[in-house]
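The basis for the numbers below is simple: all heavy atoms, side chains too, and nothing from hydrogens, waters or symmetry mates. Start at 1 and go down the list; that is how both ligands and their atoms are numbered.
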Amino acid sequence: MIEFKATSSKLAYALSRQEERANLILPVFSGEVLKGQAQAADELTGGLISRRMEEDGFDPKIKQCLVIDSDLSIAGLNKIILVGLGQRSKLTLSGLRRALALAFGESRDTARSERVVFPLVDVDLRGLTVEQFAEVVAEYACLLDYEINHKKTRQFNDEQPQAHLKSVTVLCSQWTLSAAKRGIKLGQLLGEATNRARDLVNEPSDVMTPKKLSGIARKIAADSGGLITCKVYGVREMKKMGMGGVLAVNAGSLNSACFIDLTYTPVSGATDEVIGLVGKGITFDSGGLGIKDGDGMRDMKDDMGGAAAVLCTMALLPVLKPKISVRAVVAASENLVDARSMRPGDVLKTMSGLTVEVQHTDAEGRLTLADALHYVQEKGGATRVIDLATLTGAVEDALGDCITGVFGNDQSFTREFLSAARQAGEEMHEFPLLEDYRENNKSTMADLTNDGEGPGHIVAAWFLREFVKEGVSWIHADIAATSFRRHEQGVDPEGGTGVGVRTLVRFLQQYA
Ligand code: BES
Ligand code: MN
Ligand code: ZN
(Lines give C-alpha, C1' and ligand atoms only; values in the text may rest on other atoms or scores of the structure.)
(Ligands and ions follow the chains in the order given, each with its own letter.)
Protein backbone atom coordinates (compact mmCIF):
# COMPACT_ATOMS: atom_id res chain seq x y z
CA MET A 1 0.00 0.00 0.00
CA ILE A 2 1.24 3.45 -0.90
CA GLU A 3 1.88 5.91 1.90
CA PHE A 4 0.49 9.32 1.02
CA LYS A 5 1.64 12.53 2.65
CA ALA A 6 0.75 16.16 2.19
CA THR A 7 3.14 18.87 3.23
CA SER A 8 3.49 22.60 2.90
CA SER A 9 7.27 22.50 3.03
CA LYS A 10 9.43 23.69 0.17
CA LEU A 11 10.41 21.37 -2.67
CA ALA A 12 14.10 21.19 -1.75
CA TYR A 13 13.25 20.31 1.82
CA ALA A 14 10.58 17.76 0.86
CA LEU A 15 13.07 16.06 -1.46
CA SER A 16 15.82 16.02 1.13
CA ARG A 17 13.48 14.31 3.57
CA GLN A 18 12.79 11.38 1.20
CA GLU A 19 14.08 8.04 2.37
CA GLU A 20 15.25 7.21 -1.15
CA ARG A 21 15.68 9.39 -4.20
CA ALA A 22 12.23 10.34 -5.45
CA ASN A 23 10.83 11.13 -8.86
CA LEU A 24 9.50 14.64 -9.15
CA ILE A 25 6.36 14.82 -11.26
CA LEU A 26 5.90 18.33 -12.54
CA PRO A 27 2.89 19.35 -14.61
CA VAL A 28 3.67 22.21 -17.01
CA PHE A 29 1.56 24.31 -19.33
CA SER A 30 2.42 25.08 -22.89
CA GLY A 31 3.13 28.58 -24.14
CA GLU A 32 4.07 30.22 -20.87
CA VAL A 33 7.06 30.70 -18.60
CA LEU A 34 7.40 28.41 -15.61
CA LYS A 35 5.83 29.85 -12.52
CA GLY A 36 4.94 28.92 -8.98
CA GLN A 37 6.05 25.43 -8.03
CA ALA A 38 7.43 24.84 -11.53
CA GLN A 39 9.57 27.94 -11.29
CA ALA A 40 10.79 26.88 -7.87
CA ALA A 41 11.80 23.51 -9.29
CA ASP A 42 13.56 25.19 -12.19
CA GLU A 43 15.52 27.39 -9.83
CA LEU A 44 16.40 24.41 -7.67
CA THR A 45 17.92 22.69 -10.71
CA GLY A 46 19.78 25.81 -11.76
CA GLY A 47 17.54 26.36 -14.77
CA LEU A 48 17.97 22.80 -16.04
CA ILE A 49 14.25 22.27 -16.55
CA SER A 50 13.72 25.27 -18.78
CA ARG A 51 16.96 24.54 -20.61
CA ARG A 52 15.98 20.94 -21.34
CA MET A 53 12.48 21.94 -22.40
CA GLU A 54 14.08 24.31 -24.85
CA GLU A 55 16.73 21.89 -26.15
CA ASP A 56 14.40 18.91 -26.50
CA GLY A 57 11.76 21.01 -28.18
CA PHE A 58 9.38 19.84 -25.48
CA ASP A 59 5.99 21.31 -26.09
CA PRO A 60 3.89 20.56 -23.04
CA LYS A 61 0.96 19.42 -25.10
CA ILE A 62 -1.33 16.94 -23.49
CA LYS A 63 -0.09 13.36 -23.84
CA GLN A 64 3.57 14.25 -23.63
CA CYS A 65 6.16 13.56 -20.98
CA LEU A 66 9.80 14.51 -20.73
CA VAL A 67 12.00 12.60 -18.33
CA ILE A 68 15.06 14.49 -17.16
CA ASP A 69 17.57 12.13 -15.68
CA SER A 70 20.98 13.66 -16.31
CA ASP A 71 22.85 16.49 -14.62
CA LEU A 72 20.81 16.12 -11.49
CA SER A 73 22.62 16.34 -8.19
CA ILE A 74 19.94 17.44 -5.82
CA ALA A 75 19.53 15.75 -2.50
CA GLY A 76 16.69 13.24 -2.62
CA LEU A 77 15.92 13.69 -6.30
CA ASN A 78 15.94 10.76 -8.72
CA LYS A 79 14.42 11.95 -11.99
CA ILE A 80 12.15 14.74 -13.10
CA ILE A 81 9.07 13.84 -15.08
CA LEU A 82 7.65 16.84 -16.87
CA VAL A 83 4.14 16.27 -18.03
CA GLY A 84 2.39 18.56 -20.46
CA LEU A 85 -1.01 19.94 -19.63
CA GLY A 86 -1.46 21.82 -22.90
CA GLN A 87 -2.71 25.38 -22.92
CA ARG A 88 -3.77 26.64 -19.54
CA SER A 89 -7.10 27.98 -20.80
CA LYS A 90 -7.98 24.71 -22.51
CA LEU A 91 -7.29 22.31 -19.67
CA THR A 92 -10.16 20.04 -18.68
CA LEU A 93 -10.51 17.61 -15.81
CA SER A 94 -10.24 14.67 -18.19
CA GLY A 95 -7.14 16.24 -19.75
CA LEU A 96 -5.60 16.54 -16.32
CA ARG A 97 -6.47 12.92 -15.62
CA ARG A 98 -4.87 11.79 -18.86
CA ALA A 99 -1.71 13.71 -18.02
CA LEU A 100 -1.57 12.14 -14.55
CA ALA A 101 -2.00 8.64 -15.99
CA LEU A 102 0.87 9.29 -18.35
CA ALA A 103 3.13 10.73 -15.64
CA PHE A 104 2.57 7.96 -13.10
CA GLY A 105 2.98 5.38 -15.87
CA GLU A 106 6.28 6.99 -16.84
CA SER A 107 7.40 7.07 -13.22
CA ARG A 108 6.61 3.37 -12.91
CA ASP A 109 8.08 2.15 -16.21
CA THR A 110 10.88 4.54 -17.13
CA ALA A 111 11.96 6.64 -14.19
CA ARG A 112 11.41 3.75 -11.77
CA SER A 113 11.57 5.06 -8.25
CA GLU A 114 9.51 3.94 -5.28
CA ARG A 115 9.00 7.54 -4.22
CA VAL A 116 7.18 10.36 -5.93
CA VAL A 117 6.99 14.02 -5.02
CA PHE A 118 4.10 15.85 -6.61
CA PRO A 119 3.64 19.61 -6.29
CA LEU A 120 -0.01 20.60 -6.64
CA VAL A 121 0.75 23.33 -9.15
CA ASP A 122 -1.87 25.96 -9.66
CA VAL A 123 -3.86 24.59 -12.59
CA ASP A 124 -6.54 27.29 -12.61
CA LEU A 125 -9.09 24.70 -13.59
CA ARG A 126 -12.57 26.06 -13.18
CA GLY A 127 -14.40 24.18 -10.45
CA LEU A 128 -11.34 22.12 -9.49
CA THR A 129 -10.53 22.57 -5.84
CA VAL A 130 -7.24 21.64 -4.23
CA GLU A 131 -9.11 18.83 -2.52
CA GLN A 132 -10.22 17.39 -5.84
CA PHE A 133 -6.78 17.81 -7.37
CA ALA A 134 -5.14 15.97 -4.49
CA GLU A 135 -7.81 13.32 -4.75
CA VAL A 136 -7.16 12.66 -8.42
CA VAL A 137 -3.41 12.52 -7.82
CA ALA A 138 -3.82 9.92 -5.07
CA GLU A 139 -6.39 7.98 -7.07
CA TYR A 140 -4.21 7.83 -10.17
CA ALA A 141 -1.09 6.95 -8.18
CA CYS A 142 -3.02 3.92 -6.85
CA LEU A 143 -4.54 2.98 -10.19
CA LEU A 144 -1.26 3.13 -12.09
CA ASP A 145 0.51 1.21 -9.34
CA TYR A 146 -1.84 -1.73 -9.82
CA GLU A 147 -0.17 -5.00 -10.65
CA ILE A 148 -2.34 -7.76 -12.01
CA ASN A 149 -2.81 -10.62 -9.54
CA HIS A 150 -0.88 -13.01 -11.73
CA LYS A 151 0.48 -16.41 -10.83
CA LYS A 152 3.87 -16.02 -12.46
CA THR A 153 6.74 -17.85 -10.87
CA ARG A 154 9.54 -16.32 -12.93
CA GLN A 155 10.44 -13.46 -15.21
CA PHE A 156 11.08 -13.84 -18.93
CA ASN A 157 14.52 -12.87 -20.27
CA ASP A 158 14.48 -9.09 -20.29
CA GLU A 159 11.24 -8.64 -18.40
CA GLN A 160 11.58 -6.42 -15.35
CA PRO A 161 9.40 -6.90 -12.31
CA GLN A 162 6.89 -4.09 -12.00
CA ALA A 163 8.08 -1.19 -9.88
CA HIS A 164 5.80 -0.20 -7.02
CA LEU A 165 5.35 3.02 -5.16
CA LYS A 166 6.12 3.21 -1.47
CA SER A 167 5.21 6.83 -1.00
CA VAL A 168 3.73 9.86 -2.72
CA THR A 169 4.34 13.27 -1.20
CA VAL A 170 1.97 16.00 -2.29
CA LEU A 171 3.23 19.58 -1.95
CA CYS A 172 0.74 22.33 -1.29
CA SER A 173 0.44 25.57 0.62
CA GLN A 174 -0.05 25.87 4.33
CA TRP A 175 -3.68 26.94 3.97
CA THR A 176 -4.64 24.15 1.57
CA LEU A 177 -2.99 21.43 3.63
CA SER A 178 -6.10 20.07 5.27
CA ALA A 179 -8.06 20.11 2.00
CA ALA A 180 -5.23 18.23 0.31
CA LYS A 181 -5.23 15.67 3.10
CA ARG A 182 -8.98 15.10 2.75
CA GLY A 183 -8.61 14.72 -1.00
CA ILE A 184 -5.78 12.23 -0.67
CA LYS A 185 -7.83 10.10 1.67
CA LEU A 186 -10.77 9.81 -0.70
CA GLY A 187 -8.56 9.35 -3.75
CA GLN A 188 -6.77 6.49 -2.10
CA LEU A 189 -10.04 4.84 -1.10
CA LEU A 190 -11.35 5.11 -4.65
CA GLY A 191 -8.12 3.84 -6.18
CA GLU A 192 -7.83 0.90 -3.84
CA ALA A 193 -11.49 -0.09 -4.19
CA THR A 194 -11.10 -0.05 -7.97
CA ASN A 195 -7.97 -2.17 -7.71
CA ARG A 196 -9.83 -4.62 -5.55
CA ALA A 197 -12.56 -4.94 -8.19
CA ARG A 198 -9.84 -5.53 -10.78
CA ASP A 199 -8.48 -8.39 -8.69
CA LEU A 200 -11.90 -10.02 -8.45
CA VAL A 201 -12.38 -9.85 -12.22
CA ASN A 202 -8.87 -11.14 -12.98
CA GLU A 203 -9.20 -14.15 -10.72
CA PRO A 204 -9.72 -17.25 -12.89
CA SER A 205 -13.28 -18.53 -12.94
CA ASP A 206 -12.38 -21.86 -11.35
CA VAL A 207 -11.38 -19.83 -8.31
CA MET A 208 -13.91 -16.99 -8.52
CA THR A 209 -16.96 -19.25 -8.31
CA PRO A 210 -20.41 -18.15 -7.11
CA LYS A 211 -19.53 -19.55 -3.72
CA LYS A 212 -16.30 -17.56 -3.62
CA LEU A 213 -18.19 -14.38 -4.51
CA SER A 214 -20.59 -15.03 -1.65
CA GLY A 215 -17.66 -15.49 0.68
CA ILE A 216 -16.36 -12.09 -0.36
CA ALA A 217 -19.78 -10.54 0.27
CA ARG A 218 -19.91 -12.14 3.72
CA LYS A 219 -16.47 -10.78 4.51
CA ILE A 220 -17.55 -7.28 3.48
CA ALA A 221 -20.41 -7.50 5.96
CA ALA A 222 -18.18 -8.96 8.67
CA ASP A 223 -15.72 -6.08 8.24
CA SER A 224 -18.40 -3.38 8.23
CA GLY A 225 -18.60 -2.76 11.94
CA GLY A 226 -22.23 -3.84 11.91
CA LEU A 227 -23.33 -1.41 9.17
CA ILE A 228 -23.78 -4.09 6.52
CA THR A 229 -25.61 -7.39 6.81
CA CYS A 230 -25.30 -10.22 4.33
CA LYS A 231 -27.70 -12.95 3.31
CA VAL A 232 -26.81 -15.61 0.75
CA TYR A 233 -29.52 -17.81 -0.71
CA GLY A 234 -28.80 -21.26 -2.13
CA VAL A 235 -30.56 -23.05 -4.97
CA ARG A 236 -33.30 -24.47 -2.74
CA GLU A 237 -34.27 -21.02 -1.49
CA MET A 238 -34.10 -19.56 -4.96
CA LYS A 239 -36.54 -22.24 -6.08
CA LYS A 240 -38.88 -21.25 -3.28
CA MET A 241 -38.70 -17.62 -4.34
CA GLY A 242 -39.41 -18.61 -7.93
CA MET A 243 -36.17 -17.35 -9.42
CA GLY A 244 -36.60 -19.24 -12.68
CA GLY A 245 -34.14 -17.02 -14.50
CA VAL A 246 -31.09 -17.66 -12.34
CA LEU A 247 -31.97 -21.32 -11.96
CA ALA A 248 -32.26 -21.91 -15.71
CA VAL A 249 -28.85 -20.33 -16.28
CA ASN A 250 -27.36 -22.40 -13.46
CA ALA A 251 -28.87 -25.69 -14.64
CA GLY A 252 -25.78 -26.80 -16.55
CA SER A 253 -23.28 -26.14 -13.77
CA LEU A 254 -21.78 -28.29 -11.04
CA ASN A 255 -21.09 -25.14 -9.03
CA SER A 256 -24.42 -24.03 -7.61
CA ALA A 257 -25.72 -20.53 -8.06
CA CYS A 258 -25.71 -18.19 -5.06
CA PHE A 259 -27.95 -15.20 -4.59
CA ILE A 260 -26.16 -12.49 -2.62
CA ASP A 261 -28.04 -9.80 -0.73
CA LEU A 262 -26.14 -7.06 1.15
CA THR A 263 -27.91 -4.41 3.19
CA TYR A 264 -26.21 -1.22 4.29
CA THR A 265 -28.04 0.78 6.93
CA PRO A 266 -26.78 4.23 7.90
CA VAL A 267 -25.85 4.79 11.55
CA SER A 268 -28.88 7.03 11.91
CA GLY A 269 -31.20 4.23 10.82
CA ALA A 270 -32.86 2.93 7.66
CA THR A 271 -34.27 5.48 5.19
CA ASP A 272 -37.45 5.33 3.11
CA GLU A 273 -35.44 5.93 -0.01
CA VAL A 274 -33.36 2.85 -0.77
CA ILE A 275 -30.68 2.69 -3.45
CA GLY A 276 -30.59 -0.74 -5.06
CA LEU A 277 -27.35 -1.87 -6.68
CA VAL A 278 -27.45 -4.89 -8.95
CA GLY A 279 -24.34 -6.48 -10.45
CA LYS A 280 -24.30 -9.13 -13.13
CA GLY A 281 -22.44 -12.03 -11.58
CA ILE A 282 -21.83 -14.65 -14.23
CA THR A 283 -18.52 -16.07 -13.05
CA PHE A 284 -17.99 -17.73 -16.42
CA ASP A 285 -20.02 -17.43 -19.60
CA SER A 286 -19.39 -20.21 -22.10
CA GLY A 287 -22.56 -19.23 -23.92
CA GLY A 288 -24.28 -22.43 -22.78
CA LEU A 289 -25.50 -24.79 -25.51
CA GLY A 290 -25.34 -21.85 -27.91
CA ILE A 291 -21.65 -22.00 -27.20
CA LYS A 292 -19.23 -19.17 -27.94
CA ASP A 293 -16.17 -19.73 -30.11
CA GLY A 294 -12.70 -19.77 -28.63
CA ASP A 295 -11.96 -16.10 -29.02
CA GLY A 296 -15.41 -15.07 -27.82
CA MET A 297 -15.05 -17.18 -24.69
CA ARG A 298 -11.46 -16.30 -23.86
CA ASP A 299 -12.16 -13.46 -21.44
CA MET A 300 -15.51 -14.63 -20.14
CA LYS A 301 -14.28 -14.84 -16.56
CA ASP A 302 -14.97 -11.09 -16.75
CA ASP A 303 -18.72 -11.62 -16.88
CA MET A 304 -18.94 -10.80 -13.16
CA GLY A 305 -17.43 -7.31 -13.61
CA GLY A 306 -20.71 -5.74 -12.54
CA ALA A 307 -20.80 -7.82 -9.38
CA ALA A 308 -17.19 -6.92 -8.62
CA ALA A 309 -17.93 -3.20 -8.92
CA VAL A 310 -21.03 -3.43 -6.75
CA LEU A 311 -19.32 -5.48 -4.03
CA CYS A 312 -16.23 -3.27 -3.90
CA THR A 313 -18.44 -0.19 -3.70
CA MET A 314 -20.37 -1.69 -0.80
CA ALA A 315 -17.10 -2.34 1.02
CA LEU A 316 -16.46 1.42 1.08
CA LEU A 317 -19.79 2.42 2.59
CA PRO A 318 -18.83 1.80 6.22
CA VAL A 319 -16.01 4.31 5.64
CA LEU A 320 -17.93 6.89 3.61
CA LYS A 321 -21.06 6.49 5.74
CA PRO A 322 -23.71 7.83 3.34
CA LYS A 323 -26.97 8.65 5.10
CA ILE A 324 -29.11 6.45 2.90
CA SER A 325 -30.02 2.79 2.85
CA VAL A 326 -28.29 0.78 0.14
CA ARG A 327 -29.19 -2.71 -0.94
CA ALA A 328 -26.86 -4.66 -3.22
CA VAL A 329 -27.75 -7.92 -4.91
CA VAL A 330 -25.87 -10.32 -7.15
CA ALA A 331 -27.28 -13.46 -8.72
CA ALA A 332 -24.04 -15.40 -9.07
CA SER A 333 -23.89 -18.31 -11.50
CA GLU A 334 -21.90 -19.88 -14.27
CA ASN A 335 -23.33 -20.42 -17.74
CA LEU A 336 -22.07 -23.81 -18.86
CA VAL A 337 -22.70 -26.72 -21.20
CA ASP A 338 -24.16 -29.93 -19.86
CA ALA A 339 -26.97 -32.41 -20.40
CA ARG A 340 -28.95 -30.40 -17.88
CA SER A 341 -28.26 -27.02 -19.51
CA MET A 342 -31.20 -24.83 -20.48
CA ARG A 343 -32.01 -25.20 -24.15
CA PRO A 344 -33.21 -22.88 -26.85
CA GLY A 345 -36.99 -23.07 -26.80
CA ASP A 346 -37.26 -23.59 -23.05
CA VAL A 347 -39.76 -21.34 -21.33
CA LEU A 348 -39.02 -20.19 -17.79
CA LYS A 349 -40.90 -18.20 -15.20
CA THR A 350 -39.04 -15.39 -13.50
CA MET A 351 -39.60 -14.28 -9.92
CA SER A 352 -41.77 -11.40 -11.14
CA GLY A 353 -44.14 -13.87 -12.78
CA LEU A 354 -43.20 -12.85 -16.31
CA THR A 355 -42.36 -15.81 -18.53
CA VAL A 356 -39.40 -15.87 -20.90
CA GLU A 357 -38.72 -18.00 -23.92
CA VAL A 358 -35.01 -18.81 -24.04
CA GLN A 359 -34.13 -18.35 -27.67
CA HIS A 360 -30.43 -17.94 -27.11
CA THR A 361 -28.65 -19.56 -24.19
CA ASP A 362 -25.88 -16.95 -24.50
CA ALA A 363 -28.28 -14.15 -23.55
CA GLU A 364 -28.10 -15.42 -19.96
CA GLY A 365 -27.28 -12.15 -18.23
CA ARG A 366 -30.74 -10.67 -18.64
CA LEU A 367 -32.30 -13.87 -17.24
CA THR A 368 -30.35 -13.59 -14.00
CA LEU A 369 -30.79 -9.81 -13.84
CA ALA A 370 -34.55 -10.15 -14.25
CA ASP A 371 -34.70 -12.00 -10.92
CA ALA A 372 -32.15 -9.76 -9.24
CA LEU A 373 -33.95 -6.59 -10.30
CA HIS A 374 -37.28 -7.91 -9.14
CA TYR A 375 -35.85 -9.05 -5.83
CA VAL A 376 -34.12 -5.77 -5.00
CA GLN A 377 -37.36 -3.85 -5.49
CA GLU A 378 -39.78 -6.37 -3.99
CA LYS A 379 -37.74 -7.68 -1.04
CA GLY A 380 -35.19 -4.90 -0.79
CA GLY A 381 -37.63 -2.02 -1.11
CA ALA A 382 -35.32 -0.26 -3.56
CA THR A 383 -36.77 2.98 -4.90
CA ARG A 384 -33.84 3.82 -7.18
CA VAL A 385 -31.97 1.00 -8.85
CA ILE A 386 -28.64 0.95 -10.66
CA ASP A 387 -27.53 -2.19 -12.44
CA LEU A 388 -24.05 -2.79 -13.81
CA ALA A 389 -23.74 -5.61 -16.30
CA THR A 390 -21.35 -7.00 -18.90
CA LEU A 391 -24.46 -7.52 -20.97
CA THR A 392 -23.96 -7.23 -24.73
CA GLY A 393 -21.33 -7.33 -27.42
CA ALA A 394 -23.45 -4.76 -29.25
CA VAL A 395 -22.48 -1.98 -26.87
CA GLU A 396 -18.90 -2.35 -28.07
CA ASP A 397 -19.97 -2.07 -31.70
CA ALA A 398 -21.71 1.16 -30.75
CA LEU A 399 -19.15 2.83 -28.48
CA GLY A 400 -15.91 0.90 -28.68
CA ASP A 401 -14.15 -0.18 -25.52
CA CYS A 402 -13.58 3.17 -23.82
CA ILE A 403 -17.18 4.17 -23.14
CA THR A 404 -19.85 2.52 -21.03
CA GLY A 405 -23.41 2.51 -22.39
CA VAL A 406 -26.07 3.89 -20.06
CA PHE A 407 -29.85 3.52 -20.14
CA GLY A 408 -32.49 4.87 -17.83
CA ASN A 409 -36.19 5.43 -17.27
CA ASP A 410 -35.95 8.69 -15.31
CA GLN A 411 -34.20 11.66 -16.88
CA SER A 412 -33.15 13.40 -13.72
CA PHE A 413 -31.80 10.20 -12.17
CA THR A 414 -29.85 9.45 -15.35
CA ARG A 415 -28.44 12.98 -15.36
CA GLU A 416 -27.32 12.56 -11.76
CA PHE A 417 -25.65 9.28 -12.58
CA LEU A 418 -23.90 10.61 -15.67
CA SER A 419 -22.65 13.60 -13.75
CA ALA A 420 -21.23 11.27 -11.10
CA ALA A 421 -19.50 9.38 -13.92
CA ARG A 422 -18.05 12.59 -15.34
CA GLN A 423 -16.78 13.63 -11.91
CA ALA A 424 -15.29 10.17 -11.48
CA GLY A 425 -13.51 10.24 -14.82
CA GLU A 426 -15.37 7.24 -16.21
CA GLU A 427 -16.58 7.77 -19.76
CA MET A 428 -20.26 6.99 -20.18
CA HIS A 429 -22.84 7.73 -22.83
CA GLU A 430 -26.60 7.51 -22.70
CA PHE A 431 -28.61 5.60 -25.28
CA PRO A 432 -32.29 6.22 -25.94
CA LEU A 433 -34.79 3.59 -24.88
CA LEU A 434 -36.95 4.22 -27.89
CA GLU A 435 -40.47 2.88 -27.33
CA ASP A 436 -40.44 1.31 -30.81
CA TYR A 437 -37.81 -1.22 -29.73
CA ARG A 438 -39.79 -2.45 -26.78
CA GLU A 439 -41.75 -4.98 -28.80
CA ASN A 440 -38.60 -6.53 -30.17
CA ASN A 441 -38.67 -8.62 -26.98
CA LYS A 442 -42.13 -10.02 -27.76
CA SER A 443 -42.32 -13.79 -28.02
CA THR A 444 -44.95 -16.16 -29.35
CA MET A 445 -44.40 -18.66 -26.59
CA ALA A 446 -44.01 -16.40 -23.55
CA ASP A 447 -44.19 -12.82 -22.33
CA LEU A 448 -40.68 -12.13 -23.55
CA THR A 449 -37.89 -13.63 -25.62
CA ASN A 450 -34.32 -13.25 -24.41
CA ASP A 451 -33.05 -12.85 -27.98
CA GLY A 452 -35.00 -9.96 -29.43
CA GLU A 453 -33.88 -8.66 -32.81
CA GLY A 454 -32.47 -5.21 -33.41
CA PRO A 455 -29.78 -3.12 -31.71
CA GLY A 456 -28.61 -5.61 -29.09
CA HIS A 457 -27.64 -3.18 -26.33
CA ILE A 458 -30.94 -1.30 -26.53
CA VAL A 459 -33.14 -4.37 -26.85
CA ALA A 460 -31.37 -5.97 -23.87
CA ALA A 461 -31.93 -2.80 -21.84
CA TRP A 462 -35.62 -2.90 -22.76
CA PHE A 463 -35.74 -6.48 -21.54
CA LEU A 464 -34.39 -5.42 -18.14
CA ARG A 465 -36.81 -2.52 -17.99
CA GLU A 466 -39.72 -4.96 -18.10
CA PHE A 467 -38.68 -5.94 -14.58
CA VAL A 468 -38.62 -2.41 -13.19
CA LYS A 469 -41.75 -1.51 -11.27
CA GLU A 470 -43.86 1.53 -11.98
CA GLY A 471 -42.49 4.50 -10.02
CA VAL A 472 -39.03 3.05 -9.54
CA SER A 473 -36.15 4.97 -11.08
CA TRP A 474 -33.65 2.76 -12.80
CA ILE A 475 -30.32 2.91 -14.57
CA HIS A 476 -28.60 0.19 -16.51
CA ALA A 477 -24.91 0.49 -17.33
CA ASP A 478 -23.69 -1.95 -19.98
CA ILE A 479 -20.01 -2.44 -19.14
CA ALA A 480 -19.41 -5.39 -21.50
CA ALA A 481 -16.69 -3.51 -23.38
CA THR A 482 -15.21 -1.45 -20.55
CA SER A 483 -14.78 -3.95 -17.74
CA PHE A 484 -11.89 -5.87 -19.25
CA ARG A 485 -9.04 -5.01 -21.61
CA ARG A 486 -6.59 -7.06 -23.59
CA HIS A 487 -4.08 -4.19 -23.53
CA GLU A 488 -3.25 -1.47 -21.06
CA GLN A 489 -4.78 1.87 -21.94
CA GLY A 490 -4.45 5.10 -20.01
CA VAL A 491 -5.38 4.41 -16.44
CA ASP A 492 -6.75 0.95 -17.29
CA PRO A 493 -4.40 -2.00 -16.96
CA GLU A 494 -4.59 -5.11 -19.07
CA GLY A 495 -7.36 -7.33 -17.66
CA GLY A 496 -10.10 -6.19 -15.31
CA THR A 497 -10.51 -2.41 -15.16
CA GLY A 498 -12.74 -2.09 -12.09
CA VAL A 499 -15.08 0.13 -14.08
CA GLY A 500 -18.11 1.38 -12.19
CA VAL A 501 -16.66 1.59 -8.69
CA ARG A 502 -15.61 5.22 -8.99
CA THR A 503 -18.94 6.30 -10.47
CA LEU A 504 -21.02 4.42 -7.90
CA VAL A 505 -19.00 5.82 -5.03
CA ARG A 506 -19.31 9.38 -6.36
CA PHE A 507 -22.98 8.86 -6.77
CA LEU A 508 -23.43 7.61 -3.22
CA GLN A 509 -21.13 10.26 -1.82
CA GLN A 510 -23.77 12.94 -2.35
CA TYR A 511 -25.54 11.37 0.63
CA ALA A 512 -22.46 11.45 2.85
N1 BES B 1 -21.43 -11.78 -21.40
C2 BES B 1 -21.87 -11.59 -22.74
C3 BES B 1 -21.61 -10.18 -23.25
C4 BES B 1 -20.16 -9.80 -23.42
C5 BES B 1 -19.59 -9.80 -24.68
C6 BES B 1 -19.40 -9.40 -22.34
C7 BES B 1 -18.28 -9.42 -24.83
C8 BES B 1 -18.08 -9.04 -22.50
C9 BES B 1 -17.51 -9.04 -23.74
C10 BES B 1 -23.38 -11.84 -22.80
O11 BES B 1 -23.86 -12.79 -21.94
C12 BES B 1 -23.66 -12.32 -24.18
O13 BES B 1 -23.21 -13.37 -24.52
N14 BES B 1 -24.43 -11.55 -24.94
C15 BES B 1 -24.81 -11.90 -26.26
C16 BES B 1 -26.30 -11.75 -26.37
C17 BES B 1 -26.88 -12.27 -27.64
C18 BES B 1 -26.74 -13.77 -27.70
C19 BES B 1 -28.34 -11.90 -27.69
C20 BES B 1 -24.09 -10.96 -27.21
O21 BES B 1 -24.01 -9.77 -26.95
O22 BES B 1 -23.58 -11.45 -28.22
MN1 MN C 1 -23.70 -14.75 -22.71
ZN1 ZN D 1 -22.77 -13.11 -20.26
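- Between Glu192 and Arg198, none of the side-chain N atoms (NZ, or NE/NH1/NH2) sits under 4.0 Å from a carboxylate O, so this pair counts as no salt bridge.
- Ligand 1 has Arg366 within reach: a non-hydrogen atom of the residue lies less than 4.0 Å from it.
- In terms of protein heavy-atom proximity, atom 14 (N) of ligand 1 is nearest to Leu391 O, 3.4 Å.
- Residue, atom and distance of the protein heavy atom nearest to atom 2 (C) of ligand 1 are Asp285 OD2, 3.6 Å.
- Of the polar atoms of Glu364, at least one N or O is found under 3.5 Å from an N or O of ligand 1, judged by distance alone.
- No side-chain donor-acceptor contact under 3.5 Å links Asn440 and Glu453.
- Nearest N/O/S atom of Asp285 relative to the Mn ion (ligand 2): this is OD2.
- A side-chain N or O of Glu426 and one of Thr503 form a donor-acceptor pair less than 3.5 Å apart.
- Considering backbone and side-chain N/O of Lys280, one or more are found under 3.5 Å from N/O of ligand 1.
- Residue Asp362 does not count as close to the Zn ion (ligand 3), with no N, O or S atom under 2.8 Å.
- The Mn ion (ligand 2) has no N, O or S atom of Asp303 under 2.8 Å away, backbone or side chain.
- Taking the N/O/S atoms of Glu364 in turn, the shortest distance to the Mn ion (ligand 2) belongs to OE1.
- Residues Thr482 and Thr404 bring a donor and an acceptor atom of their side chains to less than 3.5 Å of each other.
- The Zn ion (ligand 3) forms the vertex of an angle spanning NZ of Lys280 and OD2 of Asp303; to the nearest 10 degrees it equals 90°.
- Residues Arg97 and Val136 are in side-chain contact: their nearest non-hydrogen atoms beyond the backbone lie under 4.5 Å apart.
- Closest to atom 7 (C) of ligand 1, if we only count protein heavy atoms, is Met300 CE, 3.6 Å.
- Between the side chains of Thr209 and Asn255, no donor-acceptor pair of N or O atoms lies under 3.5 Å.
- Looking at Asp362 against ligand 1, both its backbone and its side chain come within 4.0 Å, counting heavy atoms.
- Rounding to 10 degrees, one finds that the Zn ion (ligand 3) sits at the corner of an angle of 90° between Glu364 OE2 and Asp285 OD2.
- Residues Phe507 and Phe413 bring their aromatic ring centres within 6.0 Å.
- There is no side-chain donor-acceptor pair under 3.5 Å between Glu466 and Asn441.
- Ligand 1 places these atoms under 4.0 Å from at least one heavy atom of Thr390: 1 (N), 2 (C), 3 (C), 6 (C).
- Atom 19 (C) of ligand 1 has its closest protein heavy atom at Asp451 OD1, 3.3 Å.
- Close N/O approach between Thr392 and ligand 1 is not found [any backbone or side-chain N/O within under 3.5 Å].
- By the criterion of a heavy-atom distance under 4.0 Å, neither the backbone nor the side chain of Glu396 is placed next to ligand 1.
- The neighbour count for Arg112 CZ, taken as heavy atoms of other residues, nucleotides or ligands under 6.0 Å away, is above 12.
- Given atom 8 (C) of ligand 1, the protein heavy atom at minimum distance is Ala480 O, 3.4 Å.
- Arg108 and Glu488 are joined by a salt bridge, as a carboxylate oxygen and a charged side-chain nitrogen come within less than 4.0 angstrom of each other.
- Ala363 CB, 4.3 Å is the protein heavy atom nearest to atom 17 (C) of ligand 1.
- Between the side chains of Asp492 and Thr497, no donor-acceptor pair is found at a separation under 3.5 Å.
- Of the protein's heavy atoms, Gly393 N, 3.8 Å lies nearest to atom 20 (C) of ligand 1.
- When all heavy atoms of Val406 and Ile475 are compared, the pair lying nearest together is CG1-CG2, 4.1 Å.
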